[in-house]
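Here's the structure we're looking at; comments come further down.
Every chain is numbered from 1, with letters handed out A, B, ... down the list of sequences. Every value quoted in this text rests on a predicted model; they were computed, and no experiment measured them.
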Amino acid sequence: MGNSLPAERRLPPDADQQFRILQLDGEAAFQPFDSRLAQAGVGPLVAGGIDVVQINVGKFCNQTCKHCHVDAGPDRTQENMSRETFELCLDAIKRIGRPDVDLTGGAPELNPSFRWFVEQVRGLGCKVIDRCNLTVLVMRSQAGLAPFLALHRVQIVASLPYFLGSRTDAQRGDGVFDKSILGLRKLNELGYGRPGSGLELNLVYNPTGAFLPPDQDAIEADFRRELSTRYHIEFNSLYTITNMPIGRYRDYLVRSGNHRRYMEQLVNAFNPAAATGVMCRSMISVGWDGRLYDCDFNQMLELELGFGAPRHIRDFDPERLAARRIVSGQHCYGCTAGSGSSCGGRIS
Amino acid sequence: MDGYYDPEDLPRFAEMGDDAPELWDKFNSWYGAVFQPGALSEREKNLIALAVAHAVQCPYCIDAYTQGCLEQGSNLEQMTEAVHVASAIKGGSALVHGLQMRNVASKISM
């Protein structure tokens with residue numbers, strides 16, 4: 001839908017090659033991340049519990065965004081979570097207690113088991129977060145999706161990199177902004193983002209180029225003013241997320257000659273306070289095939305759990321995973337730059 | 001040296017402190033304080049800096065404050081308007097000096 005990336009840009013990036021490039025840059029020019037953590041007295045990273053289970057249900061998506069670290073798109077039809085793996089996730093969630101369940105992709109809603117799984121998890125009393133690209137809400141085949149999400153009081157975290165169409169479409173594809181506005185209006189009509197409704201709608205800003213995000217409060221105020229004035233749209237909060245130098249975004253950095261400079265920015269902006277609050281310390285990430293990771297970024301680099309931790313959802317062991325040592329690399333500088341970055345926006 | 005301006009020189013700016021460290025420290029401290037949010041926001045200060053960078057035609061400053069403005073959430077419409085403000089003042093400044101020309105011409109003409 002709505003994008004015209006050249007064929008070579010839609011090829012799955014080689015995770016091994018990306019990791020090698022990141023490590024090479026790290027060795028050649030930048031202090032290794034683990035060493036920087038140790039120097040700041042905040043390493044090594046160790047999990048402090050499992051508050052969030054983030055499940056990447058697959059790489060199928062109706063969009064092909066230029067910055068996507070998952071390299072998701074309409075052609076990724078094979079790598080999607082099966083009902084059997086969803087059931088294993090459900091068992092794991094029951095064993096943790098009542099964690100937040102954060103569903104991402106791809107477009108997670110397009111997985112055939114999405115709605116079944118949401119119903120099951122809500123039945124356990126867990127908060128469910130849907131990382132929504134907004135345009136999926138106006139697809140003809142998804143007519144009942146927005147009411148379904150509202151009925152089950154699913155929190156929506158929606159991507160909208162800017163309040164102007166030109167910058168949003170430059171990153172997410174031609175026509176995406178207009179469809180996103182239609183999706184947001186549909187959510188507002190259901191009560192999402194409206195005061196007192198209890199239906200939470202949070203937006204995600206991420207930079208549309210090789211630069212770091214602005215102050216979260218300042219850009220949130222801009223979004224609130226501009227979206228209200230121009231489109232009468234309301235939302236709860238805006239999260240700023242730093243683009244990780246992996247996936248299609250890394251390809252863009254290399255192709256545009258910005259990779260080294262961007263890495264320098266991330267490394268120079270290292271913030272120890274952000275490092276202590278990185279999201280991997282309180283979450284576990286599950287891949288479409290049930291493999292376990294410290295975060296969605298490690299997942300895309302195929303950096304599975306290490307240090308003896310179980311590596312598949314079928315071997316889920318809450319006690320061991322809750323105190324596991326975290327696998328890190330040079331891309332982790334992306335989460336510790338400036339105010340820090342997580343799936344819930346800034347860290348510090 | 002291939003040219004007078006090299007992008008690789010911008011990160012070397014601090015070398016200006018090598019032979020005058022006290023002056024560099026004072027400049028650096030003042031410079032940092034200027035860009036802290038105060039009566040003006042960081043975004044507004046970055047837009048002013050971008051406009052001035054064009055007025056003084058400093059390629060290092062244009063590079064730094066284009067990035068700075070984008071990192072503060074400004075967009076190309078706002079940044080282009082800022083450059084137009086700088087250009088208008090530069091153009092207006094030249095034009096208003098035309099009055100000096102007219103004064104001199106008037107004085108020495110019959």
Side-chain angles (χ1 to χ4, degrees), chain A residues 29-30 67 160-171 177 203-227 229-230 238-243 253 256-258 260-269 334 337-339 341 345-346, chain B residues 2-3 5-17 24-25 27-29 31-51 53-54 58-84:
Chain A
F30 309 115
H67 73 302
L160 191 72
Y162 207 66
F163 51 76
L164 296 178
S166 56
R167 275 175 68 177
T168 297
D169 287 1
Q171 181 187 83
F177 182 78
L203 302 182
V204 171
Y205 165 99
N206 59 289
T208 52
F211 50 92
L212 301 183
D215 173 74
Q216 187 164 284
D217 294 334
I219 195 73
E220 180 183 283
D222 286 350
F223 267 64
R224 205 174 295 288
R225 183 188 65 243
E226 296 296 329
L227 289 178
T229 307
R230 294 167 189 251
L238 179 133
Y239 302 149
T240 54
I241 295 185
T242 303
N243 287 320
L253 290 174
S256 61
N258 284 307
R260 180 60 57 93
R261 179 167 160 163
Y262 188 73
M263 285 302 297
E264 276 172 3
Q265 282 183 273
L266 296 181
V267 172
N268 291 339
S339 299
S341 180
R346 72 173 166 208
Chain B
D2 295 329
Y5 292 118
D6 183 347
E8 296 300 318
D9 285 344
L10 183 55
R12 297 176 51 220
F13 189 15
E15 290 178 25
M16 284 307 296
W24 171 258
D25 287 345
F27 167 78
N28 218 20
S29 162
Y31 194 100
V34 163
F35 279 90
Q36 289 299 306
L40 295 174
S41 67
E42 281 185 272
R43 172 172 322 152
E44 290 165 331
K45 290 181 178 187
N46 272 267
L47 282 167
I48 293 169
L50 181 71
H54 283 77
C58 170
Y60 301 117
C61 309
I62 292 171
D63 185 345
Y65 287 100
T66 298
Q67 175 123 13
C69 285
L70 289 169
E71 287 184 350
Q72 291 300 323
S74 293
N75 58 55
L76 274 175
E77 289 175 21
Q78 295 162 336
M79 291 157 67
T80 305
E81 284 188 15
V83 172
H84 272 287

Can you list everything that forms a ring pair (Phe, Tyr, Trp, His ring centres under 6.0 Å) with Y162(A)? Sequence neighbours excluded, please.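 Testing Y162(A) for ring pair (Phe, Tyr, Trp, His ring centres under 6.0 Å), a comparison that skips the adjacent residues, returns none.
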List in chain and number order the residues that pass ring pair (Phe, Tyr, Trp, His ring centres under 6.0 Å) with Y239(A), two or more places apart in sequence or in another chain; answer none if no residue qualifies.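 So Y239(A) forms no ring pair (Phe, Tyr, Trp, His ring centres under 6.0 Å) with any residue.
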How about Y5(B): does its OH atom have over 12 heavy atoms from other parts shown lying under 6.0 Å from it?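 For Y5(B), atom OH is not crowded (no more than 12 foreign heavy atoms under 6.0 Å).
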Below 4.5 Å from any heavy atom of chain B, which atoms of [X] appear? Answer side chain, backbone, both or neither.
X       : value
Q265(A) : side chain
I219(A) : both
P207(A) : neither

Using a 4.5 Å heavy-atom cutoff, which residues in residues 34-46 of chain B come close to chain A?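 So far as heavy atoms go, R43(B) are the residues that approach chain A to under 4.5 Å.
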Taking non-hydrogen atoms and a cut-off under 4.5 angstrom, which of residues 71-81 of chain B neighbour chain A?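 Expected list: E71(B), Q72(B), G73(B), S74(B), N75(B), E77(B), Q78(B).
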